[in-house]
Undergrad: 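Structure below; questions to follow.
The chain is numbered in sequence order, starting from 1.
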Amino acid sequence: MFSVGLWTQDEGLVSAIVRGAAGAPVAFCDHDPLDLLVIGPDLPQSSGGVGCPIVLLPGTAGPLARRLHSGCTVSYGPSPKDTLTFSSLEGRQICLAIQRELITLAGAVVDQQEVILSLPTGCSPQSFLATAGALLIIGIPPEELARRLDLV
């Protein structure tokens with residue numbers, strides 16, 4: 001069982017990740033030790049650093065990333081430098097671009113690729129990227145993302 005922490009004030013993001021990860025071997029908690037820390041696009045402030053093997057955070061969170069002691073930092077956002085970004089966004093259809101290999105909590109490799117998904121009504125693109133990234137790192141295969149994200 002892997003432990004996942006969620007730093008966000010967006011309850012919609014929290015519930016989307018929890019619903020999408022249903023059945024995966026994870027427990028959501030707010031205490032150390034964590035295997036994965038997901039930081040939402042609202043960038044909640046932390047009073048200190050955290051030691052965690054994998055951190056998923058917005059690409060704009062450079063100063064925060066320097067305070068975290070992680071083995072691997074995965075960024076998401078609109079920049080081509082982010083690990084997870086969009087190669088296109090037309091209406092509600094999104095092409096999620098995985099720019100670099102990702103390692104899941106179980107140690108599997110998710111190759112660089114693009115995945116076509118539907119953006120749920122009312123969901124911000126940044127929160128959608130955070131949700132998709134968290135699910136990929138938890139171990140949900142890219143080909144299953146569309147079905148899992150339809151639950152959002």
Side-chain angles (χ1 to χ4, degrees), residues 1-30 34-46 50 52-65 68 70 72-106 108-152:
M1 180 75 60
F2 297 103
S3 59
V4 178
L6 303 171
W7 280 4
T8 182
Q9 298 168 355
D10 181 349
E11 290 302 317
L13 176 59
V14 171
S15 63
I17 293 171
V18 170
R19 280 193 315 266
V26 295
F28 295 93
C29 54
D30 58 0
L34 296 173
D35 296 301
L36 168 63
L37 174 62
V38 178
I39 300 175
D42 53 351
L43 294 173
Q45 296 301 311
S46 166
V50 170
C52 183
I54 304 174
V55 175
L56 174 68
L57 77 169
T60 57
L64 177 60
L68 302 173
S70 68
C72 175
T73 301
V74 178
S75 65
Y76 63 89
S79 170
K81 292 182 179 182
D82 291 320
T83 303
L84 299 169
T85 191
F86 300 124
S87 61
S88 68
L89 173 57
E90 294 183 26
R92 305 308 303 165
Q93 188 172 15
I94 286 180
C95 188
L96 170 68
I98 304 169
Q99 305 278 62
R100 287 171 283 293
E101 285 183 344
L102 293 176
I103 306 298
T104 68
L105 292 173
V109 175
V110 178
D111 291 324
Q112 178 181 345
Q113 60 189 285
E114 293 185 341
V115 183
I116 297 174
L117 302 167
S118 295
L119 179 67
T121 303
C123 184
S124 78
Q126 284 286 86
S127 291
F128 188 77
L129 278 174
T131 303
L135 295 180
L136 288 167
I137 294 169
I138 286 169
I140 304 304
E143 59 274 8
E144 197 175 321
L145 270 184
R147 186 180 69 75
R148 296 283 182 134
L149 292 170
D150 278 346
L151 302 174
V152 177

Undergrad: For Glu101 and Val110, what are the C-alpha separation, side-chain angles and deciding distance, and is it a side chain to side chain contact (heavy atoms under 4.5 Å, CB included)?
TA: CA-CA 6 Å; Glu101 285 183 344; Val110 178; over 6 Å; no
Undergrad: Determine the minimum heavy-atom distance between Gly40 and Pro58, stating which atoms define it.
TA: O-CG, 3.6 Å
Undergrad: Decide yes or no for Gln99 and Asp82: does some side-chain heavy atom of the first lie under 4.5 Å from some side-chain heavy atom of the second?
TA: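 When only atoms from C-beta onward are counted, Asp82 and Gln99 do not touch, as no gap falls below 4.5 Å.
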Undergrad: Determine, step by step, whether Val55 and Val74 satisfy the side chain to side chain contact (heavy atoms under 4.5 Å, CB included) criterion, reporting the C-alpha distance in whole Å, the side-chain angles of both residues, the deciding distance to 0.1 Å, and the verdict.
TA: CA-CA 6 Å; Val55 175; Val74 178; over 6 Å; no
Undergrad: Is there side-chain contact between Leu119 and Gln93, with at least one heavy-atom pair below 4.5 Å?
TA: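 No, too far: nothing below the 4.5 Å cut-off.
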Undergrad: Mind checking the CD1-CD1 spacing from Ile138 to Ile17? Nearest 0.5 Å is all I need.
TA: 7.0 Å
Undergrad: Please report the shortest heavy-atom distance between Val38 and Ala134, naming the atom on each side.
TA: CG2-CB, 3.8 Å
Undergrad: Nearest 0.5 Å, what's the OG-CG distance between Ser127 and Asp10?
TA: 4.5 Å
Undergrad: Would you check if Leu34 and Phe2 make a side-chain contact, meaning some heavy-atom pair closer than 4.5 Å?
TA: no
Undergrad: Applying the side-chain contact (heavy atoms from CB on, under 4.5 Å) test to Leu13, which of Asp42, Leu6, Thr8 qualifies?
TA: Thr8
Undergrad: Just wondering, do Val4 and Leu105 contact through their side chains at under 4.5 Å, heavy atoms?
TA: yes
Undergrad: Kindly indicate whether the side chain of Thr83, heavy atoms from C-beta on, has any atom under 4.5 Å from the side chain of Tyr76.
TA: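 Result no, sub-4.5 Å side-chain heavy-atom pair not found.
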Undergrad: Under 4.5 Å between any side-chain heavy atoms of Leu84 and Leu56, yes or no?
TA: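 Yes, their side chains come closer than 4.5 Å.
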Undergrad: Side chains of Val109 and Leu102: does their closest heavy-atom pair fall under 4.5 Å?
TA: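 No, their side chains stay 4.5 Å or more apart.
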Undergrad: Which value, rounded to the nearest 0.5 Å, describes the distance between Leu36 atom CG and Cys72 atom SG?
TA: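 Atom-to-atom, Leu36:CG and Cys72:SG are 10.0 Å apart.
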Undergrad: Would you say that Pro78 contacts Gln126 through its side chain, given a criterion of any heavy-atom pair below 4.5 Å between the two side chains?
TA: yes
Undergrad: Closest heavy-atom contact between Leu149 and Ala132?
TA: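 The answer is CD1-CB, 4.2 Å.
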Undergrad: Evaluate Phe86 against Leu129 for side chain to side chain contact (heavy atoms under 4.5 Å, CB included), listing each step before the verdict.
TA: CA-CA 8 Å; Phe86 300 124; Leu129 278 174; 3.4 Å; yes
Undergrad: To check you understand the geometry: which heavy-atom pair defines the closest contact between Ala21 and Val26, and what is its length?
TA: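 Scanning both residues, the minimum pair turns out to be CB-CG2, 4.2 Å.
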Undergrad: Counting distance only, does the side-chain N/O of Thr85 pair as donor-acceptor with the main-chain N or O of Gly77 below 3.5 Å?
TA: yes
Undergrad: Measuring from atom CD of Glu143 to atom CZ of Arg148, what distance do you get when rounded to the nearest 0.5 angstrom?
TA: 11.5 Å
Undergrad: Can you tell me how far the SG atom of Cys95 sits from the CG atom of Leu117, to the nearest 0.5 Å?
TA: 8.0 Å
Undergrad: What verdict does the side chain to side chain contact (heavy atoms under 4.5 Å, CB included) test give for Ile137 and Ile54, after you've listed the backbone C-alpha separation in whole Å, the side-chain angles of each residue and the deciding distance to 0.1 Å?
TA: CA-CA 9 Å; Ile137 294 169; Ile54 304 174; 3.9 Å; yes
Undergrad: First locate atom CD1 of Ile98, then atom CD of Gln112, and finally report the distance between them rounded to the nearest 0.5 Å.
TA: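 It comes to 9.0 Å.
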